[in-house]
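For reference, the structure is listed below as C-alpha cells.
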Amino acid sequence: MRKRPNRPINKNMFAGIEITEVDVTNLDSPERIISYAQKNGYCNGACTDIERLISDNPELELDFADLGQNDARIIKVAEKRYRITVNSKHPKSRQRFSMAHEYIHYQMHRDKLAQMPDGEQILHRNEERNPIEYEANAGAADILMPKEVFMQVLKETNGKIGKMAEAFQVSTLALRYRAKNLDIPGHGL
C-alpha cells in the first residue's frame with residue numbers, strides 16, 4: 001500500500017469559502033461566527049484566533065484564573081457586559097476550546113446564563129447530557145475546526161491526529177470530538 005506524502009498545511013484554507021455579511025451583534029450560530037471570523041481576519045491558516053475574537057468584543061472581558069477542576073465560566077457582570085474566565089492551569093489547547101465553549105454560551109445562551117452552573121465541565125467529562133452544554137461543545141468545535149477546513153486538514157495531514165490537533169491548536173480529545181460529530185469513522189480518523 002502506497003503512503004501519501006506529507007504535504008505542508010495550506011495557510012489559505014479559508015480561500016473560496018463564501019463569506020456572508022454579519023456583525024458582532026448577530027452571531028447567533030456557529031456558521032455566523034465562522035463567517036464573521038473569516039471576514040474580519042480572526043482566522044490564520046486552519047486556526048481561529050478565539051482569544052482575539054473574545055478580547056475585541058466590547059461586551060466581553062477575558063480572564064485567566066485557577067478554577068480548580070473547572071474548565072471555564074461565563075458570568076454577567078453588568079448590563080451588556082460579560083466575563084469569560086478560563087482555567088489558567090490548563091494547557092493552551094484546552095483553554096482555546098474552553099474559550100470557544102464560553103463564547104458560544106455568550107452568543108447563543110445569554111438569556112439563560114443565570115440558570116447555568118458556574119464552571120460547567122466541558123466535553124461531558126462528567127457524562128452530563130445537558131442540551132445547552134452539548135450545543136456549546138458542538139459550536140466550539142465548529143468555530144475552532146470548521147467542516148471545510150477540517151476536511152482539508154484531514155487530507156493534507158493524511159489523518160494524523162497529532163498534526164491535525166497542532167494545525168487547529170486544540171487537544172487531540174477536541175479533535176476526536178469534532179471528527180465524531182462529522183461522522184468520520186473511528187472517531188479518530
Side-chain angles (χ1 to χ4, degrees), residues 10-64 71-77 80-86 92-113 116 120 122-124 130-154 164-165 167-171 173-184:
N10 179 357
K11 299 294 183 188
N12 296 314
M13 287 182 215
F14 291 101
I17 296 174
E18 186 177 329
I19 298 174
T20 56
E21 199 63 38
V22 293
D23 65 49
V24 74
T25 62
N26 194 25
L27 303 178
D28 57 355
S29 71
E31 295 78 21
R32 286 180 186 262
I33 294 168
I34 292 165
S35 182
Y36 178 84
Q38 292 167 348
K39 181 177 181 193
N40 292 286
Y42 293 101
C43 300
N44 180 14
C47 190
T48 301
D49 190 346
I50 189 65
E51 189 168 348
R52 200 178 98 206
L53 187 61
I54 292 168
S55 296
D56 287 354
N57 186 316
E59 292 186 358
L60 291 174
E61 300 171 16
L62 182 60
D63 188 29
F64 295 85
D71 297 300
R73 67 177 173 232
I74 182 168
I75 59 171
K76 186 174 184 175
V77 293
K80 293 191 177 189
R81 194 83 181 139
Y82 302 85
R83 179 181 302 122
I84 294 173
T85 305
V86 178
K92 186 74 171 162
S93 59
R94 188 164 167 186
Q95 289 176 349
R96 284 178 36 75
F97 195 90
S98 297
M99 283 183 244
H101 176 98
E102 300 303 339
Y103 186 73
I104 291 290
H105 279 318
Y106 161 75
Q107 290 293 1
M108 298 173 67
H109 309 132
R110 274 180 245 180
D111 59 331
K112 298 177 179 105
L113 285 180
M116 292 169 49
E120 69 278 354
I122 296 173
L123 284 178
H124 301 299
N130 179 325
I132 291 174
E133 291 308 310
Y134 179 82
E135 186 175 47
N137 286 336
D142 285 353
I143 65 175
L144 293 177
M145 299 170 272
K147 181 179 180 178
E148 296 84 7
V149 179
F150 190 93
M151 299 311 286
Q152 187 172 348
V153 170
L154 173 68
M164 291 184 72
F168 289 112
Q169 297 180 19
V170 298
S171 68
L173 180 62
L175 185 86
R176 289 176 189 273
Y177 179 85
R178 181 64 170 142
K180 179 180 177 180
N181 284 353
L182 291 173
D183 293 323
I184 295 175

Exercise for the section: Quick one: closest heavy-atom pair of Ala46 and Phe168, and the distance? Expected result: O-CD2, 3.3 Å
Problem - Sidechain-backbone polar pair: Arg96 side chain, Ser171 backbone, donor-acceptor under 3.5 Å - result: no
Problem - Gln107 versus Ile33, closest heavy-atom pair with distance - result: CG-CD1, 4.0 Å
Problem - His105 versus Glu135, side-chain donor and acceptor atoms under 3.5 Å - result: no
Handout entry: Sole candidate of Val153, Thr48, Leu182, Leu175 that passes side-chain contact (heavy atoms from CB on, under 4.5 Å) when paired with Met145
Key = Leu175
Practice task
Measure the CD-OH distance between Glu59 and Tyr82 for me, rounded to the nearest 0.5 Å.
Solution key: 6.5 Å
Handout entry: Distance-minimising heavy-atom pair for Ala174 and Val170
Key = CB-CB, 4.1 Å
Handout entry: Short side-chain to backbone donor-acceptor contact, Arg32 and Asp28, under 3.5 Å
Key = no
Handout entry: Spacing of CZ belonging to Arg73 relative to CG belonging to Asp63, to within rounding of 0.5 Å
Key = 8.0 Å
Problem - Arg83/Glu102 ion pair, N-O < 4.0 Å - result: no
Fill in the blank from the handout: Paired with Tyr103, the side-chain contact (heavy atoms from CB on, under 4.5 Å) test is passed by just one of Leu53, Leu62, Ile74, namely Leu53
Problem - Pairwise distance CG(Leu173) to CZ(Arg178) - rounded to 0.5 angstrom - result: 14.5 Å
Practice task
Test Glu51 against Lys92 for salt bridge (charged side-chain N to carboxylate O under 4.0 Å, His left out), laying out the working first.
Solution key: CA-CA 11 Å; Glu51 189 168 348; Lys92 186 74 171 162; 2.7 Å; yes
Problem - Nearest-0.5 Å distance that lies between atom NE2 in His109 and atom CD1 in Ile132 - result: 5.5 Å
Problem - Reported OH-to-CD1 distance for the pair Tyr106 and Ile75, which is rounded to 0.5 angstrom - result: 15.0 Å
Handout entry: Ile54 side chain near Ile84 side chain, heavy-atom distance below 4.5 Å
Key = yes
Handout entry: Distance-only side-chain donor-acceptor flag, Asp71 / His101, under 3.5 Å
Key = no
Exercise for the section: Would you check, one step at a time, whether the test side-chain contact (heavy atoms from CB on, under 4.5 Å) holds for Asp49 with Asn44? Expected result: CA-CA 7 Å; Asp49 190 346; Asn44 180 14; over 6 Å; no
Exercise for the section: Provide the closest heavy-atom pair for Lys76 versus Lys80 in the form atom of the first, atom of the second, distance. Expected result: CE-N, 4.3 Å
Exercise for the section: For Val86 and Met99, work out which heavy atoms get closest and say how close. Expected result: CG2-CG, 3.5 Å
Exercise for the section: Could you tell me whether the side chain of Arg52 and the main chain of Gly41 form a donor-acceptor pair under 3.5 Å? Expected result: yes
Completion exercise
Rounded to the nearest 0.5 angstrom, the CD-SG distance for Gln169 and Cys47 is 3.5 Å
Practice task
Fit a plane to each ring of Tyr36 and Tyr42, take the angle between them on a 0 to 90° scale, and name the class: parallel (under 30°), tilted (30 to 60°) or perpendicular (over 60°).
Solution key: parallel
Exercise for the section: Specify whether Tyr177 and Phe97 have parallel, tilted or perpendicular ring planes, treating 30° as the upper limit for parallel and 60° as the lower limit for perpendicular. Expected result: perpendicular
Exercise for the section: Look at Lys147 together with Glu31 and state whether they make a salt bridge at an N to O cut-off of under 4.0 Å. Expected result: no
Fill in the blank from the handout: Scanning both residues in full, the closest heavy-atom pair of Pro30 with Ile143 reads O-CG2, 3.8 Å
